[in-house]
S.K.: 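Below you'll find the structure I mean.
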Amino acid sequence: MRTTWRTVGDGEFFCPECGGDRNYRRRAGRRRFALLGVPLLPRGAAGPVVECCSCHDRFGAEALDHPTTTRFSAMLRDAVHTVALAVLTAGGAEDRAAREVAVGAVRCAGFADCTGEQLLALVEALAADTGRLPGCFEDGLEGGTVLAIELHEALEPLAPHLAPAGREGILLQGARIALADGPYSPAEREALAAVGRALLLGHEETERLLAAAARMPS
């Protein structure tokens with residue numbers, strides 16, 4: 001049995017064999033029964049497969065579902081930024097300590113030039129866009145607010161690629177921002193519960209983590 005391959009696409013992916021970002025060729029093939037090296041009878045299609053241009057190993061098309069290292073870093077950065085913005089919008093945006101904790105988290109995630117003024121401006125812009133003031137999470141996140149949508153868009157694609165400790169870490173970053181100006185407000189709790197849901201954390205696990213964060217010394 002002999003397979004003839006043809007390239008139908010290319011791009012960059014995370015190669016499981018190389019352990020890093022590599023170029024790939026997406027290939028489709030046709031199987032033929034060969035006798036003495038001469039292809040005779042067609043035996044159907046093969047693939048499609050993803051072939052690494054470096055190690056030349058072949059993988060199923062699902063290999064493209066894993067983000068590249070560059071893409072993963074950008075997703076993580078955007079997730080932390082969105083969580084910080086959600087918690088500040090829920091309450092504490094006017095508090096300097098909360099903004100400083102938020103800025104530290106966002107800078108560590110990759111936005112090195114982030115400032116408290118920028119975050120406050122974004123909170124005010126969201127309030128103007130939605131017609132609601134900071135603290136809007138008191139009415140819940142399922143009402144179609146802009147931040148509710150952004151939380152799900154930023155966190156849900158990322159969550160399957162994070163280890164449990166990574167998902168918990170993002171939630172705890174949000175909790176530290178909320179606690180910077182005192183105990184959780186109802187709006188902050190709702191915002192953090194929405195973060196937990198988007199990160200695929202169960203309700204009990206989310207509550208356990210929030211309680212643990214509240215017991216930590218500031």
Side-chain angles (χ1 to χ4, degrees), residues 67 70-159 161-162 165-201 206 209-214 216-218:
T70 302
R71 176 60 182 152
F72 180 81
S73 297
M75 292 168 70
L76 186 59
R77 178 195 65 201
D78 292 346
V80 173
H81 184 269
T82 304
V83 169
L85 194 58
V87 176
L88 289 177
T89 301
E94 300 296 333
D95 185 84
R96 181 176 179 180
R99 291 200 306 272
E100 287 179 349
V101 175
V103 167
V106 173
R107 286 179 177 175
C108 287
F111 283 114
D113 298 329
C114 176
T115 65
E117 290 74 17
Q118 289 174 347
L119 292 178
L120 184 57
L122 284 171
V123 170
E124 293 172 348
L126 281 167
D129 187 48
T130 60
R132 307 176 74 176
L133 297 173
C136 63
F137 287 88
E138 290 173 355
D139 297 329
L141 276 174
E142 304 307 326
T145 65
V146 172
L147 269 176
I149 296 171
E150 289 194 1
L151 273 177
H152 287 284
E153 289 182 346
L155 299 181
E156 287 186 349
L158 175 66
H161 304 293
L162 287 172
R167 297 197 299 272
E168 293 174 2
I170 292 177
L171 178 65
L172 289 173
Q173 285 182 317
R176 284 191 285 270
I177 297 169
L179 292 166
D181 63 345
Y184 302 117
S185 69
E188 288 170 338
R189 273 199 166 274
E190 178 58 31
L192 292 168
V195 171
R197 289 192 295 271
L199 288 170
L200 308 181
L201 295 171
T206 297
L209 291 167
L210 296 183
M216 293 179 183
S218 58

S.K.: Listed by chain and number, what are the side-chain contact (heavy atoms from CB on, under 4.5 Å) partners of Ala154, not counting sequence neighbours?
M.R.: Thr82
S.K.: Of the non-hydrogen atoms in Phe72 and Leu158, which two are nearest, and what is the gap between them?
M.R.: CE1-CD1, 3.6 Å
S.K.: In chain order, what residues pass the side-chain contact (heavy atoms from CB on, under 4.5 Å) check against Glu100, with sequence neighbours excluded?
M.R.: Arg96
S.K.: Mind checking ring pair (Phe, Tyr, Trp, His ring centres under 6.0 Å) for Phe111 and listing every partner two or more places apart, or none if nothing turns up?
M.R.: His81
S.K.: Could you walk me through whether Leu85 and Val123 pass the side chain to side chain contact (heavy atoms under 4.5 Å, CB included) test, one step at a time?
M.R.: CA-CA 7 Å; Leu85 194 58; Val123 170; 3.7 Å; yes
S.K.: Looking only at heavy atoms, which two atoms of Ala84 and Val106 are closest? And how far apart?
M.R.: CB-CG2, 3.8 Å
S.K.: Please give me the minimum heavy-atom distance between Val101 and Ala180, naming the atom from each residue.
M.R.: CG2-CB, 3.8 Å
S.K.: The criterion is side-chain contact (heavy atoms from CB on, under 4.5 Å); which residues satisfy it with Glu153, sequence neighbours excluded?
M.R.: Ile149
S.K.: Leu192 and side chain to side chain contact (heavy atoms under 4.5 Å, CB included): which single residue from Thr206, Val87, Leu209 fits?
M.R.: Val87
S.K.: How many angstroms lie between atom CD of Glu124 and atom OG1 of Thr89, to the nearest 0.5 angstrom?
M.R.: 10.5 Å
S.K.: Of all heavy-atom pairs between Ala109 and Val80, which one has the smallest distance, and what is that distance?
M.R.: CB-CB, 3.7 Å
S.K.: I need the minimum non-hydrogen distance between Ala102 and Leu88, along with the two atoms involved.
M.R.: CB-CD1, 3.9 Å
S.K.: Hey, could you give me the CD/CZ distance between Gln118 and Arg99, rounded to the nearest 0.5 Å?
M.R.: 12.5 Å
S.K.: Return all side-chain donor-acceptor pairs below 3.5 angstrom for residues 165-179, not counting sequence neighbours, or 'none' if the list is empty.
M.R.:
{"from": "Arg167", "atom 1": "NE", "to": "Leu199", "atom 2": "O", "distance (Å)": "3.1"}
{"from": "Arg167", "atom 1": "NH1", "to": "Leu162", "atom 2": "O", "distance (Å)": "3.0"}

S.K.: Of all residues at least two apart in sequence or in a different chain, which pass the side-chain contact (heavy atoms from CB on, under 4.5 Å) check with Ala74?
M.R.: Arg71, Arg77
S.K.: Considering all heavy atoms of both residues, which atom of Leu120 and which atom of Ala93 are nearest to each other, and what is their separation?
M.R.: CD1-O, 3.7 Å
